[in-house]
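Report on the following structure.
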Amino acid sequence: MSYKLGLEAKLFHGAAGATAATEMKNVKDVTLNIESGDADITTRASGGWKVIAAALKEASVEWTMVWDTADAGFTAVKTAYFNNAPLALFVSDGAGSGLDADFAIMGFSREEPLEEAITVKVTAKPTYLTRAPAWKDGGN
């Protein structure tokens, strides 16, 4: 059996329009959400059952970062959020498989627990600038 641990995965950032190549090390607990919408294709031939077909794919990425204004990845995400600017992200399993797209930073929520570092929870969703989102298999 072959498996990977979450700590082997990588999140890259870069300028929108090209595959992100700079690894962000100041991240933890990354979640890549991918779902398909559904289209109703029910006909009388479906025997009284409602049937669907997979339609458009939808994705989002959520992660937590330590609030570190000296960290280049943190600064890139913060700048993209406050300037409403796209940011290239590549959510990799560490072996080069994952979602590659330009993203809009949709959430940037700061948490200030009493006995832990200040963190920010980030939510990003694919956007379209010059390239459509794509799934990559290996090679990184």
Side-chain angles (χ1 to χ4, degrees):
M1 179 173 162
S2 177
Y3 62 88
K4 296 191 86 47
L5 299 175
L7 62 90
E8 297 174 86
K10 297 180 181 189
L11 180 61
F12 296 89
H13 75 93
T19 298
T22 304
E23 184 179 357
M24 287 196 287
K25 299 268 190 183
N26 177 17
V27 297
K28 54 183 172 179
D29 301 332
V30 177
T31 301
L32 173 59
N33 303 297
I34 302 176
E35 297 181 9
S36 290
D38 54 62
D40 186 346
I41 58 169
T42 306
T43 65
R44 291 178 181 160
S46 63
W49 290 89
K50 183 175 183 175
V51 292
I52 59 104
L56 298 174
K57 291 177 179 44
E58 186 176 334
S60 67
V61 183
E62 300 168 354
W63 72 92
T64 303
M65 304 179 83
V66 172
W67 188 276
D68 181 357
T69 57
D71 178 71
F74 172 85
T75 300
V77 171
K78 180 175 162 250
T79 300
Y81 177 75
F82 284 108
N83 291 330
N84 293 323
L87 180 67
L89 294 174
F90 178 38
V91 187
S92 172
D93 64 354
S97 292
L99 185 63
D100 175 27
D102 293 339
F103 285 80
I105 306 301
M106 304 303 293
F108 192 77
S109 301
R110 190 165 78 183
E111 295 188 350
E112 302 173 358
L114 285 177
E115 293 186 354
E116 296 181 33
I118 295 174
T119 58
V120 63
K121 284 189 174 183
V122 180
T123 301
K125 294 184 178 183
T127 189
Y128 186 76
L129 182 63
T130 58
R131 63 196 186 112
W135 184 265
K136 291 187 169 186
D137 281 315
N140 187 14

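Quick caveat: nothing in here was measured; it's all calculated off a predicted structure.
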- Item | Within one Ile-Leu-Val-Met-Phe-Trp-Tyr cluster: Ile34 and Phe12, side-chain cutoff 4.5 Å | no

Query - Heavy atoms from other residues, nucleotides or ligands near CG of Leu56 exceed 12 (cutoff 6.0 Å) - result: no

What one should report as the nearest heavy-atom pair of Gly17 and Thr130 is CA-OG1, 3.3 Å

The reported gap from NZ in Lys78 to CG in Asn83 (rounded to nearest 0.5 angstrom) is 9.5 Å

Looking only at heavy atoms, the pair that brings Ser92 and Ala9 closest together is O-CB, 3.4 Å

All heavy atoms of Ile105 vs all of Ala124, minimum pair found to be CD1-CB, 3.9 Å

Exercise. Any chain of hydrophobic side-chain contacts (each under 4.5 Å) joining Val27 to Leu89?
Worked result: yes

Heavy atoms from other residues, nucleotides or ligands near CD of Glu112 exceed 12 (cutoff 6.0 Å):
yes

side-chain hydrogen bond (donor to acceptor under 3.5 Å, both in side chains) pairs touching residues 4-32, sequence neighbours excluded, are Thr19-Asp100, Thr19-Lys136

Looking only at heavy atoms, the pair that brings Ala88 and Ala15 closest together is CB-O, 3.3 Å

OG1 (Thr119) and CZ (Arg110) are apart, to the nearest 0.5 Å, by 10.0 Å

Closest heavy-atom pair, Ala59 versus Pro126, reported as atoms and distance to 0.1 Å, is O-CD, 3.1 Å

One should read off an interatomic distance between Thr127 OG1 and Leu87 CG, to the nearest 0.5 angstrom, of 11.5 Å

Residues 35-52 vs side-chain hydrogen bond (donor to acceptor under 3.5 Å, both in side chains), sequence neighbours excluded, gives Asp40-Thr42

The complete set of side-chain hydrogen bond (donor to acceptor under 3.5 Å, both in side chains) pairs with one or both residues in residues 54-67, sequence neighbours excluded, reads Asn33-Ser60

Check whether Val30 and Met24 end up in the same hydrophobic cluster, where Ile, Leu, Val, Met, Phe, Trp and Tyr are linked by side-chain heavy atoms less than 4.5 Å apart.
yes

Heavy-atom nearest pair, Val122 first then Phe108, reads CG2-CD1, 4.2 Å

Consider only side-chain heavy atoms of I, L, V, M, F, W and Y, link residues closer than 4.5 Å, and tell whether Met106 and Tyr128 are in one cluster. no

Would you indicate whether the side-chain heavy atoms of Thr69 and Phe74 approach each other to under 4.5 Å?
-> yes

Q. Are Val91 and Val120 connected in the hydrophobic side-chain network, where two residues link if heavy atoms are under 4.5 Å apart?
A. yes

